[in-house]
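Values in this document were obtained by computation on a predicted structure and should not be read as measured data. Convention: sequence-line order gives letters A, B, ...; per-chain numbering from 1.
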2 protein chains.
Amino acid sequence: MLNKILYICVLFLPMFSQAEENYIKTIFHLELSSNTGISTNAIAKKIDTKASSVTDMIKKLSEKGLVSYKKYQGVTLTKLGKKIASNIVRKHRLWEVFLVEKLNFSWDEVHEIAEQLEHIKSPKLIKKLDEHLGFPTHDPHGDPIPDENGNLQTIEKRLLSNLKENDFGICVGVQDSSTEFLQYLDKKGIELGKKITVLEKEDFDESLSILIDNEKITISKKIANNLYIK
Amino acid sequence: MLNKILYICVLFLPMFSQAEENYIKTIFHLELSSNTGISTNAIAKKIDTKASSVTDMIKKLSEKGLVSYKKYQGVTLTKLGKKIASNIVRKHRLWEVFLVEKLNFSWDEVHEIAEQLEHIKSPKLIKKLDEHLGFPTHDPHGDPIPDENGNLQTIEKRLLSNLKENDFGICVGVQDSSTEFLQYLDKKGIELGKKITVLEKEDFDESLSILIDNEKITISKKIANNLYIK
DNA sequence: AATATAATTTAGATGTGTCTAAAAATATAT
DNA sequence: ATATATTTTTAGACACATCTAAATTATATT
Ligand SMILES: [Mn+2]
Ligand SMILES: [Mn+2]
Ligand SMILES: [Mn+2]
Ligand SMILES: [Mn+2]
């Protein structure tokens, strides 16, 4: 019932600006790894803007019913806000799949372009794109694609840095999807779907010695902190 | 040589806003069917804005070297302006081909979506899209797609309304690509590539009796004014 | 040529999204 | 508990893109 009302609301909803969408999406991502309200500074850092700008925008989003906000308390997305946000994430990830699968982009090139494509407004376009791509469930970086209703499946996965010596698993995702990090992985031969075994953990600098493709390589803690294993 | 300089300019060019791009594109289209400078009112009408807004924008575009402008004299695109404009048209039409050929949209649905997609900024994306589509030369409405250098091939074509009785030809394009007009054509069975013969021209209301698919139908002058024949 | 009409530009205002600098509230340390 | 540091908000400004109303210039009519 509440879903139906929400659905009707979304149908009659005013369009959101690119700026508004970027704020909503950022808050959505920050909420996934936090259980408190999202701070002004955290948002400012992600969006690369000033805290005062964030405060201004938060007020507007609050008036539009997308976030709930009390001064100095940080923000949380409302049900409607989450719906809008996950739809943007859905578009972003579907476009990334398109760019890699259909246009032969490599996985380190697609994020910036998807940042633009995610703001294209046409529900029919996304329906058809989804179909064209064969209803993918994950983007090129292993992140799940929310469904039309905004449901985002969370797969159990662990950071490589949390594995113990002799633990192993399949590489299923990246925490950081910047061009630099992904190109580093390419250089080291680390890809989604590959088996990784932890051979040794160095106490001194927390670097890891891992086995991949029957090759033994050493990676820093920073790398291991950005790789997901299942 | 001048082309090379232009190319270098384009490479180092600041990005243009969506509003600026829409003005440039509109002036480009108006120049194709006009030999004088483009008037403020003509632009205002196409963009659905006020003449005063157009004057403001024209000044900005003039300062950026995209149009040449003298007060009260209308504007013309500079070489650089034409380059930018044809690139936007190129993107618009390639996206339209994608939507029809790959996502199975019908030709009356794609224009609005392409209006958004044409502003996505990534030369590599367009290169790859072009390749993915097999380097198409025309969009779903029969309009030519400019090449990477901005060259737009003009095919010889005549308005159906200019044909005489017993003249015939192949339908190769539409003047108006609004949803309403294209859906009207669908209803009447008029498609690109079909042979049309003019049977009779009515003096009274300038309506036409035409033969298409061995069927005789009557169309108004307005329709005949928006169909191109080769 | 003078006048009326139409097109264009200017002046001044608004809404959006951003910024800097200063004030206020909250969190941390002594 | 008080002082200090950090975070957040406010105040005031600015660039962009738009608008209305008024002034200016160009064009058409008599
Ligand atoms: Mn991404
Ligand atoms: Mn974005
Ligand atoms: Mn179009
Ligand atoms: Mn456009």
Give the table of side-chain donor-acceptor pairs shorter than 3.5 Å for residues 68-77 of chain B, with sequence neighbours excluded, one pair per line with atom names and distance.
from: B:S68; atom 1: OG; to: B:T76; atom 2: OG1; distance (Å): 2.9

Contacts of B:E109 that satisfy side-chain contact (heavy atoms from CB on, under 4.5 Å) - sequence neighbours left out: A:K124, B:F105, B:S106
Rounded to whole angstroms, how far apart are NZ on A:K70 and P on C:dA25? 17 Å
Donor-acceptor list for residues 34-46 of chain B side chains, cut-off 3.5 Å, not counting sequence neighbours:
from: B:S34; atom 1: OG; to: B:T36; atom 2: N; distance (Å): 3.3
from: B:S34; atom 1: OG; to: B:T36; atom 2: O; distance (Å): 3.2
from: B:S39; atom 1: OG; to: B:A42; atom 2: N; distance (Å): 3.1

For A:H132, check side chain to side chain donor-acceptor pair (under 3.5 Å) against everything at least two apart and list the hits. none
List every contact pair, protein side and nucleotides 18-22 of chain C side both N or O, where the distance is under 3.5 Å.
from: C:dT18; atom 1: OP2; to: A:Y23; atom 2: OH; distance (Å): 3.4
from: C:dC19; atom 1: OP2; to: A:T49; atom 2: OG1; distance (Å): 2.5
from: C:dC19; atom 1: OP2; to: A:K50; atom 2: N; distance (Å): 3.1
from: C:dC19; atom 1: OP2; to: A:S53; atom 2: OG; distance (Å): 2.7
from: C:dT20; atom 1: O4; to: A:S52; atom 2: OG; distance (Å): 3.0

A:E156, CD: over 12 other non-hydrogen atoms inside 6.0 angstrom: no
Checking all strands, does A:K59 fall into the base, sugar-phosphate, or nothing category for heavy-atom contacts under 4.0 angstrom? sugar-phosphate
Distance, rounded to the nearest Å, where B:Q18 contributes CD and D:dA15 contributes P: 22 Å
What pairs of nitrogen or oxygen atoms, one from the protein and one from nucleotides 6-8 of chain D, lie under 3.5 Å apart?
from: D:dT8; atom 1: OP2; to: A:N41; atom 2: N; distance (Å): 2.9
from: D:dT8; atom 1: OP2; to: A:N41; atom 2: ND2; distance (Å): 3.4

Using the ring pair (Phe, Tyr, Trp, His ring centres under 6.0 Å) criterion, which residues pair with A:H92? Sequence neighbours excluded. A:H111
Acceptor/donor pairs from residues 135-150 of chain B side chains to any protein atom, 3.5 angstrom cut, sequence neighbours excluded:
from: B:D139; atom 1: OD1; to: B:H141; atom 2: N; distance (Å): 2.7
from: B:D139; atom 1: OD1; to: B:G142; atom 2: N; distance (Å): 3.1
from: B:D139; atom 1: OD1; to: B:D143; atom 2: N; distance (Å): 3.0
from: B:H141; atom 1: ND1; to: B:E96; atom 2: OE1; distance (Å): 3.3
from: B:H141; atom 1: NE2; to: B:W107; atom 2: O; distance (Å): 2.8
from: B:D147; atom 1: OD1; to: B:N149; atom 2: N; distance (Å): 2.8
from: B:D147; atom 1: OD1; to: B:G150; atom 2: N; distance (Å): 3.0
from: B:D147; atom 1: OD1; to: B:N151; atom 2: N; distance (Å): 2.9
from: B:D147; atom 1: OD2; to: B:N151; atom 2: ND2; distance (Å): 3.3

Enumerate the salt bridge (charged side-chain N to carboxylate O under 4.0 Å, His left out) contacts for residues 18-29 of chain A, please, sequence neighbours excluded, ordered by first and then second residue. A:E20-A:K60, A:E20-A:K64, A:E21-A:K121, A:K25-A:E115, A:K25-A:E118
